[in-house]
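So the structure is just underneath, and the comments pick up after that.
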Amino acid sequence: MRLRQSGFGWVVQAPAKLNLFLEVLGKRADGYHDLETVMVAINLFDTLILNEESSGEITLRCQHAGAILSRTNRARDEVPETRDNLVVRAAELLRSRCGVQRGVHIDLIKRIPAAAGMAGGSSDAAAVMFALNLIWKLGLSEIELRRLASEIGSDVCFFLSSASAATCRGRGEILEPCPLPLRLYFVVARPDSGLSTALVYRHCRPEAEPRGARELLQALQRGDLQRASQQLRNSLQPPAESLNADVRQLKEEFSRLPVVGHMMTGSGTAYFGLCQNRQSAMTAAARLRARGLSRVFVAESPP
């Protein structure tokens, strides 16, 4: 992440992520699940603008970036502006733990769809922690920020790391960076419907002999997209398909596209195709839009 100052305030961009591999290993005593997942950041961003709040309060205002959403999508993508939002909770946690008395107003411009498995809320929370650490001159290290972030949500830690791709274990807070030698290109579609993460996990039945991500990572390191596509895995996809017809429909649609491989990300409902290059991703996106899907993105990972 990078923080810059403009006439509007301090500006930071919060990227979305895709899961190239996700294996649920089992349920923990604390109610979370142990997992192994490979996450990669992509160039689909929310924008956060931070300004000093003279009242000493932490306030948040949200809007969608130039999107004309249907009434259904507006209801689903409605972002709370209270403590229910991870952004507010992240700022409050940072302030209380560091003994800061200052307030901040945050304008959040949303591009990452909600309830999609792309971790928009977690990325926004990480962006606020990253930004306030610099603005308030707290001097916290990346490790210290990640330790605090683990109290808010499992995916928040990934966005506070310097890695654009990482293997994450535990409940997602244990990171092992995995630099990729090539840029990855994706087409991503978000259907009209969403899914509850908790509901999907409740319906997930971990394998007796779970798979690991080693072969996927080895293929990516070699630049072998065909082999990598055979190793894409998301153990949350079968329960998501059983719960949501749109996920099943996207699986069928993507099977007819010029993609190397395809899969649901996170707990859904966003679905992505791994593409050979940007032109292939654009072609696939055009076909999806022609079939009536309005929320389609072409994205790539950092080099």
Spatial distance of atom [atom1] ([X]) from atom [atom2] ([Y]) [nearest 0.5 Å]:
{"X": "L86", "Y": "S123", "atom1": "CG", "atom2": "OG", "result": "11.0 Å"}
{"X": "D155", "Y": "M118", "atom1": "CG", "atom2": "CE", "result": "12.5 Å"}
{"X": "T265", "Y": "N19", "atom1": "OG1", "atom2": "CG", "result": "4.0 Å"}
{"X": "T283", "Y": "Q276", "atom1": "OG1", "atom2": "CD", "result": "12.5 Å"}
{"X": "H33", "Y": "S154", "atom1": "NE2", "atom2": "OG", "result": "11.5 Å"}
{"X": "L140", "Y": "N133", "atom1": "CG", "atom2": "CG", "result": "4.5 Å"}

Taking it one step at a time, do V156 and S150 satisfy side chain to side chain contact (heavy atoms under 4.5 Å, CB included)?
CA-CA 7 Å; V156 183; S150 67; over 6 Å; no

Remaining members of F254's ILVMFWY cluster at a side-chain heavy-atom cut-off under 4.5 Å?
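Direct or chained contacts put F254 with L22, V24, L35, V187, L195, L199, V200, Y201, L236, L243, V247, L250, L257, V259, M264, Y271, L288, L293, V296.
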
Using the side chain to side chain contact (heavy atoms under 4.5 Å, CB included) criterion, which residues pair with P238? Sequence neighbours excluded.
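Counting only residues at least two positions away or on another chain, P238 forms no side chain to side chain contact (heavy atoms under 4.5 Å, CB included).
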
Partners meeting side chain to side chain contact (heavy atoms under 4.5 Å, CB included) with S255 (sequence neighbours left out):
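Result, side chain to side chain contact (heavy atoms under 4.5 Å, CB included) vs S255: H262.
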
Any [X] side-chain heavy atom under 4.5 Å of [Y] side chain:
{"X": "T47", "Y": "L108", "value": "no"}
{"X": "P206", "Y": "L25", "value": "no"}
{"X": "I135", "Y": "V104", "value": "no"}
{"X": "F159", "Y": "P15", "value": "yes"}
{"X": "E173", "Y": "C168", "value": "no"}
{"X": "C62", "Y": "N85", "value": "yes"}
{"X": "P258", "Y": "R287", "value": "yes"}
{"X": "F130", "Y": "L3", "value": "yes"}

Carboxylate-amine/guanidinium proximity below 4.0 Å for D107 and R61:
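Here D107 pairs with R61 in a salt bridge, since their nearest N and O are under 4.0 Å apart.
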
Is the closest basic N to carboxylate O distance between D124 and K110 below 4.0 Å?
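Counted as a salt bridge, because a side-chain N and a carboxylate O are separated by less than 4.0 Å.
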
With salt bridge (charged side-chain N to carboxylate O under 4.0 Å, His left out) as the rule and sequence neighbours excluded, what pairs involving [range] come up?
{"range": "residues 139-154", "value": "R97-E151, E142-R146"}
{"range": "residues 51-60", "value": "E52-R102"}
{"range": "residues 276-286", "value": "R278-E300"}

Candidate pair I49 and I109, rule side chain to side chain contact (heavy atoms under 4.5 Å, CB included), full reasoning
CA-CA 8 Å; I49 305 169; I109 303 169; 4.2 Å; yes

My understanding is that only residues two or more places apart in sequence, or in another chain, count here; which of them pass salt bridge (Lys or Arg N to Asp or Glu O under 4.0 Å) with [X]?
{"X": "R233", "answer": "E23, E207"}
{"X": "R169", "answer": "E36, E176"}
{"X": "R256", "answer": "E253"}
{"X": "D246", "answer": "none"}

With side chain to side chain contact (heavy atoms under 4.5 Å, CB included) as the criterion, how do M39 and L18 come out once you've worked through the C-alpha distance, each side chain's angles and the decisive distance to 0.1 Å?
CA-CA 6 Å; M39 296 199 289; L18 297 174; over 6 Å; no

Before giving the answer on side chain to side chain contact (heavy atoms under 4.5 Å, CB included), spell out for S6 and R4 the whole-Å C-alpha distance, their side-chain angles and the decisive distance to 0.1 Å.
CA-CA 7 Å; S6 75; R4 63 181 176 87; 3.8 Å; yes

Can you list, pair by pair, the side-chain donor-acceptor contacts under 3.5 Å of residues 217-226, counting residues two or more places apart and other chains?
from	atom 1	to	atom 2	distance (Å)
Q221	NE2	P179	O	2.5
D224	OD1	Q226	N	3.4
D224	OD1	R227	N	3.0

Where do [X] and [Y] come nearest, in terms of heavy atoms and distance?
{"X": "V298", "Y": "A281", "value": "CG2-O, 3.7 Å"}
{"X": "F158", "Y": "L175", "value": "CA-CD2, 3.6 Å"}
{"X": "N234", "Y": "M263", "value": "N-SD, 3.4 Å"}
{"X": "G194", "Y": "N244", "value": "O-ND2, 3.6 Å"}

By ring pair (Phe, Tyr, Trp, His ring centres under 6.0 Å) - contacts of F272 (at least two apart):
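Partners of F272 under the ring pair (Phe, Tyr, Trp, His ring centres under 6.0 Å) test: F186.
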
